[in-house]
Asks: 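There's a structure below that I have some questions on.
Here is how names work: the chains are called A, B, and so on, in the same order as the sequence lines, proteins then strands, and each is numbered from 1. Basis for what follows: all heavy atoms, side chains included, without hydrogens, waters or symmetry-related copies.
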Number of protein chains: 2
Amino acid sequence: MKISKKAYYGLRATLALAQTEKPLSIHTLAEMEHLPLDYLEKILQTLRKAGLVTAHKGVAGGYALARPASETNIWEILRELDPPIKTFSTPLKGELPCLHVGHCQTNEVWRMLENKIEKTLSDVTLESLIPRNNS
Amino acid sequence: MKISKKAYYGLRATLALAQTEKPLSIHTLAEMEHLPLDYLEKILQTLRKAGLVTAHKGVAGGYALARPASETNIWEILRELDPPIKTFSTPLKGELPCLHVGHCQTNEVWRMLENKIEKTLSDVTLESLIPRNNS
DNA sequence: TCTAAAGCAGACAAATTTAGTCCACATTAT
DNA sequence: ATAATGTGGACTAAATTTGTCTGCTTTAGA
């Protein structure tokens, strides 16, 4: 039940993109936020493939948010970078799918929890996290 | 953002204790739930130290819930076994405590998330998870 | 009072996951 | 052309999680 650095870095990076509305290269981004360059690159790749940021190559290239910060919520970002709750439907040593026939109590809990997390994080947009946003 | 096996095992075990109201030895517990014995022992130790289960040694010893199942919520259990959300207050390469002067946006998010998780799980008692509880 | 069944404690090892690096390549603005 | 960028994949290192082992203490009951 912890947030990975990957997710943390990703949030930091997208937040930076949200603030400076210009596209930024991974290089500047890494420097700005003091994040490891090559790792950050991987993270942005993931986000690009998920359609959350856009990249363009070449000399004046860089990354930018695919949508405005007000329309990008952090659940979208975090779920790509942190795997969802692993719900164990099978105990490791048993052969049956789940020993608790009928329904599995713990699975229900995880599912509920995940829903709650999703709802909570979906309500937070990148924009709402930009500091000094005294509108 | 995932539940560890440790937490899963711990929940399974306490749930078993909640159902059979007799004390159970780790041995029987492990067998019942198909969990690795020695690991389970560690887990129960943690829960004992947290005051959630009681143990007594000797031939007819074993573990039992410290409080009735209706008064034990699963947040108490899970928080002992799964470390809380690690909030990174410091970026790794920087010297300053946090680059985002004034307040750290991401920390706020993690804190909020953790609160939500706590609230959600605190509402679930062990008793409520016992199957066929058609009262 | 002996003994076997339990819990206790801590070191250790294996497995898995996360974090991070490296390198060769593709694209593109100037 | 070329230098600045992103792309993709292999790889390594570090950290964490999971699991095991070994020797000890306690205690009920024969």
Asks: In whole Å, what is the span from the CZ atom of B/R48 to the P atom of C/dG7?
Replies: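 About 11 Å, once rounded to whole Å.
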Asks: Rounded to whole Å, how long is the line connecting atom CG of A/D38 with atom P of C/dG20?
Replies: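 The distance from CG of A/D38 to P of C/dG20 comes to 11 Å, rounded to the nearest Å.
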Asks: Donor-acceptor pair, distance only, cut-off 3.5 Å: does the side chain of A/E76 make one with the backbone of A/N73?
Replies: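 Side chain of A/E76 to backbone of A/N73: a pair is present.
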Asks: Compare the minimum distances between each of D/dT20, D/dG6, C/dG20 and the side chain of B/Y39, then state the nucleotide with the smallest one.
Replies: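 Closest of the options to the side chain of B/Y39: D/dT20.
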Asks: For C/dA5, does either OP1 or OP2 sit under 4.0 Å from a side-chain N or O belonging to B/S25?
Replies: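 It does not, given that no N or O in the side chain of B/S25 lies less than 4.0 Å from OP1 or OP2 of C/dA5.
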Asks: Distance check, rounded to the nearest 0.5 Å: A/L17 atom CG versus A/L47 atom CG?
Replies: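 Interatomic distance, A/L17 CG to A/L47 CG, rounded to 0.5 Å: 9.5 Å.
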Asks: Closest to the B/K5 side chain: C/dA19, D/dC21, D/dT18?
Replies: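 Looking only at heavy atoms from C-beta outward on B/K5, the closest nucleotide is D/dT18.
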Asks: Is A/D82 close to A/Y8 at the side-chain level, that is, under 4.5 Å between some pair of heavy atoms?
Replies: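 Side-chain contact under 4.5 Å: no.
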Asks: Polar atoms only, N or O, under 3.5 Å: list the protein pairs with nucleotides 25-30 of chain D and their distances.
Replies:
from: D/dT26; atom 1: O4'; to: B/K57; atom 2: NZ; distance (Å): 3.3

Asks: Please report the distance, rounded to the nearest Å, between CG in A/L40 and P in C/dT18.
Replies: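 Going from A/L40 (CG) to C/dT18 (P), I get 18 Å.
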Asks: Donor-acceptor pair, distance only, cut-off 3.5 Å: does the side chain of B/T14 make one with the backbone of B/G10?
Replies: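 At least one qualifying donor-acceptor pair exists.
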Asks: Whole Å only: how far is the CD atom of B/Q45 from the C1' atom of C/dG7?
Replies: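 These atoms are roughly 7 Å apart.
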Asks: Check the distance between D/dT17's P and B/Y9's OH and give it to me in whole angstrom.
Replies: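 After rounding, the reported distance stands at 14 Å.
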Asks: Starting at CG of B/L37 and ending at C1' of C/dC8, how long is that distance when rounded to a whole Å?
Replies: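 Distance check: B/L37 CG to C/dC8 C1' gives 13 Å.
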Asks: Using a cut-off of 4.0 Å on non-hydrogen atoms, how would the nucleic acid contact of A/K42 be classed: base, sugar-phosphate, or nothing?
Replies: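 The answer is base, as A/K42 lies within the cut-off (heavy atoms under 4.0 Å) of a base atom.
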Asks: Among C/dT21, D/dT17, C/dA9, find the nucleotide with the atom closest to the side chain of A/K2.
Replies: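 My answer, after comparing the listed nucleotides, is D/dT17.
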Asks: What does B/E41 touch in the nucleic acid at a heavy-atom separation under 4.0 angstrom: a base, only the sugar-phosphate, or nothing?
Replies: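 B/E41: base contact, heavy atoms under 4.0 Å.
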Asks: Do the side-chain N or O atoms of A/S4 get closer than 4.0 angstrom to the phosphate oxygens (OP1, OP2) of C/dA19?
Replies: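 Indeed, a polar side-chain atom of A/S4 lies that close.
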Asks: Rounded to whole angstrom units, what separation is found between the NE2 atom of B/H34 and the C1' atom of D/dT18?
Replies: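 Atom-to-atom, B/H34 to D/dT18, this comes out as 19 Å.
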Asks: For B/L44, answer base if it contacts any base atom (sugar-phosphate contacts may also be present), sugar-phosphate if it contacts only those atoms, and nothing otherwise; contact means non-hydrogen atoms under 4.0 Å.
Replies: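 No contact at all - B/L44 keeps every heavy atom at 4.0 Å or more from the nucleic acid.
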Asks: Evaluate the side chain to side chain contact (heavy atoms under 4.5 Å, CB included) criterion for residues A/T106 and B/L129: first the C-alpha distance (whole Å), next the side-chain angles of each, then the deciding distance (0.1 Å), finally the verdict.
Replies: CA-CA 8 Å; A/T106 54; B/L129 290 179; 5.9 Å; no
Asks: Measure from the side chain of A/P36, starting at C-beta and using heavy atoms only, and say which of C/dT21, D/dT18, C/dG7 lies closest.
Replies: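 Nearest listed nucleotide: C/dT21.
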Asks: Please list every donor-acceptor pair under 3.5 Å in which a side-chain atom of residues 48-55 of chain B meets a protein atom from a residue at least two apart or in another chain.
Replies:
from: B/R48; atom 1: NE; to: B/Q45; atom 2: OE1; distance (Å): 3.3
from: B/R48; atom 1: NH2; to: B/Q45; atom 2: OE1; distance (Å): 2.8

Asks: Taking only residues two or more places apart in sequence or in another chain, which ones pass salt bridge (Lys or Arg N to Asp or Glu O under 4.0 Å) with B/E41?
Replies: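 Expected list: none.
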Asks: Report the distance from atom NZ of A/K6 to atom P of C/dT17, rounded to the nearest whole Å.
Replies: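 Going from A/K6 (NZ) to C/dT17 (P), I get 12 Å.
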